[in-house]
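First up is the structure itself, then whatever we jot down about it.
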Amino acid sequence: MSLIDENCEISTTKPKNSSVLNRAVTFHSSPYQFQKNPYIYSAVLERSSSAKKWFDFESAGNSIKGKVRQLRNFFESPKIPISIPEPPPQSHSLLKLKHSKSFGSESILDASTIRLPPGTEDRVVVYFTSLRGVRRTYDDCHAVRMILKGHRVYVDERDLAMDSAYRNDLQSVFGERNVSLPQVFIKGRYLGGADVIRHLNEMGELRKLLEELPRIEGRIFCDNCGDVRYVPCSICGGSRKVFDEDERLMKRCSVCNENGLARCADCSS
């Protein structure tokens, strides 16, 4: 009986308050006071307010422009005034041709001080190249040849790519090592390059310069050389060597050039 009473007393005793149990089942009567952020609160409630209230775009723009200006001044070199020198006085009228009423065709040739050796007074001599290494040079040479052929006059075409002797002749005439192509001579007198020929042809002055030269009758294209002006040497066959029967030795052919080619007799006479 005593054991039962002890059990009853144990069961009837009031349990002590547990902090864990109280925390789990206890509810606070007062609501939790959330900490309010004035920036978020005002931004949410005042949506219609301007953004300039919280961010100054004008001052930010000025600061960015200032930084960009500083970086630009740092990397850019100071501007130095460039003085353009005056062009030198023009020596003769062949440098720049101007369209005027007093422009005379014969005065152009008379003003030229560069002349070829005697023997070319009755023809037009053109120094050009048939190589296509430089596209602009080849186009200028081809254009000048077509313009002169259109006037149906005899043209002594001297290709520097076929014979290097023409290069030496041209350098000795101008007195310079580097000479641009093409170069045109009429009646043994220097006329000019591609720009001068085009300009004179458009003005009609080129026709006046070629009036006294003999004309080509019939077909201009040469069937013998294919309008190349050169054929293989008929003496050595292009080998550049001939056998001397007197000395019993092989010698250099005196008819052809370094490429074993000779001028065509039909179109170069």
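What you find for P214 and D122 is that their closest heavy atoms are CD-O, 3.7 Å. Across C222 and D266, no two heavy atoms sit closer than the pair SG-CB, 4.1 Å.
From Q171, atom CD reaches atom OH of Y166 across 15.0 Å, with rounding to the nearest 0.5 Å. Annotation: the span from D244 atom CG to K251 atom NZ amounts to 4.0 Å, rounded to 0.5 Å. Interatomic distance, CG of L191 versus CD1 of I186, reported as 4.5 Å (0.5 Å rounding). Remark: Y138 OH to T129 OG1 distance equals 10.0 Å, nearest 0.5 Å. To the nearest 0.5 Å, the span separating CG on N224 from SG on C264 amounts to 4.0 Å.
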So E212 and K187, salt bridge (Lys or Arg N to Asp or Glu O under 4.0 Å) or not? Walk me through it. CA-CA 10 Å; E212 299 179 1; K187 300 178 183 180; 3.0 Å; yes
Decide yes or no on side chain to side chain contact (heavy atoms under 4.5 Å, CB included) for L148 and V126, but give the supporting numbers first. CA-CA 9 Å; L148 295 175; V126 180; 3.3 Å; yes
Would you sort out whether R198 and E202 count as a salt bridge (Lys or Arg N to Asp or Glu O under 4.0 Å), showing the intermediate values? CA-CA 6 Å; R198 290 192 183 100; E202 293 175 357; over 6 Å; no
Steps toward side chain to side chain contact (heavy atoms under 4.5 Å, CB included) verdict (D163, L261): CA-CA 8 Å; D163 196 345; L261 301 175; over 6 Å; no
Step-by-step salt bridge (Lys or Arg N to Asp or Glu O under 4.0 Å) determination, D169 to R167: CA-CA 5 Å; D169 296 342; R167 183 186 302 275; over 6 Å; no
Checking side chain to side chain contact (heavy atoms under 4.5 Å, CB included) for the pair R207/H151: CA distance, chi angles, key distance, verdict? CA-CA 7 Å; R207 178 180 54 82; H151 291 275; 4.0 Å; yes
Using salt bridge (Lys or Arg N to Asp or Glu O under 4.0 Å), reason through E211 and K208 one step at a time and then give a plain yes or no. CA-CA 5 Å; E211 284 180 351; K208 299 178 182 180; over 6 Å; no
Under the side chain to side chain contact (heavy atoms under 4.5 Å, CB included) criterion, do I235 and C253 qualify, and how do the steps go? CA-CA 8 Å; I235 305 299; C253 181; 4.2 Å; yes
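Of the charged side-chain nitrogens involved, at least one lies within less than 4.0 Å of a carboxylate oxygen, so that R158 and D156 count as a salt-bridged pair.
Judged as a salt bridge (Lys or Arg N to Asp or Glu O under 4.0 Å), the pairs with a partner in residues 224-238 (not counting sequence neighbours) are, in order, K149-D227, E157-R229, D227-R229.
For R215, the CZ atom sits in a packed shell: over 12 heavy atoms of surrounding residues, nucleotides or ligands are nearer than 6.0 Å. Within 6.0 Å of the CZ atom in R248, the count of heavy atoms belonging to other residues, nucleotides or ligands does not exceed 12.
Counting heavy atoms from C-beta outward, H142 and D140 have side chains that stay 4.5 Å or more apart. For the pair N259/R240, no side-chain contact is recorded, criterion being any heavy-atom separation below 4.5 Å from C-beta on. Looking at heavy atoms from C-beta onward, V144 lies in side-chain contact with P182 at the 4.5 angstrom threshold. Contact check for L200 versus L209: side-chain heavy atoms found under the 4.5 Å cut-off. Taking the side chain as every heavy atom from C-beta outward, L170 and L181 approach each other to under 4.5 Å. Counting only heavy atoms from C-beta outward, the side chains of S164 and E258 approach each other to under 4.5 Å. Contact of the L160 side chain with the Y127 side chain is registered, since non-hydrogen atoms from C-beta on lie closer than 4.5 Å. At least one side-chain heavy atom of V179 sits less than 4.5 Å from a side-chain heavy atom of Q183.
For the pair R115 and Y190, the cation-pi criterion (under 6.0 Å, within 45° of the ring axis) is not fulfilled. By the 6.0 Å and 45° rule, R263 stacks over the aromatic ring of Y230.
In terms of the salt bridge (Lys or Arg N to Asp or Glu O under 4.0 Å) criterion, residue partners of R135 (sequence neighbours excluded) are, by chain and number, D139.
No donor-acceptor pair under 3.5 Å is formed between the side chain of N257 and the backbone N or O of A165. In this structure, E121 contributes its side chain and G119 its backbone to a donor-acceptor pair below 3.5 Å. Within the 3.5 Å criterion, the main-chain N or O of S130 finds a donor-acceptor partner in the side chain of D159.
Note on L131: it does not cluster hydrophobically with M162, by side-chain heavy-atom contacts below 4.5 Å among ILVMFWY residues. Residues L213 and V196 are members of one and the same hydrophobic cluster, defined by side-chain heavy-atom contacts under 4.5 angstrom among Ile, Leu, Val, Met, Phe, Trp and Tyr.
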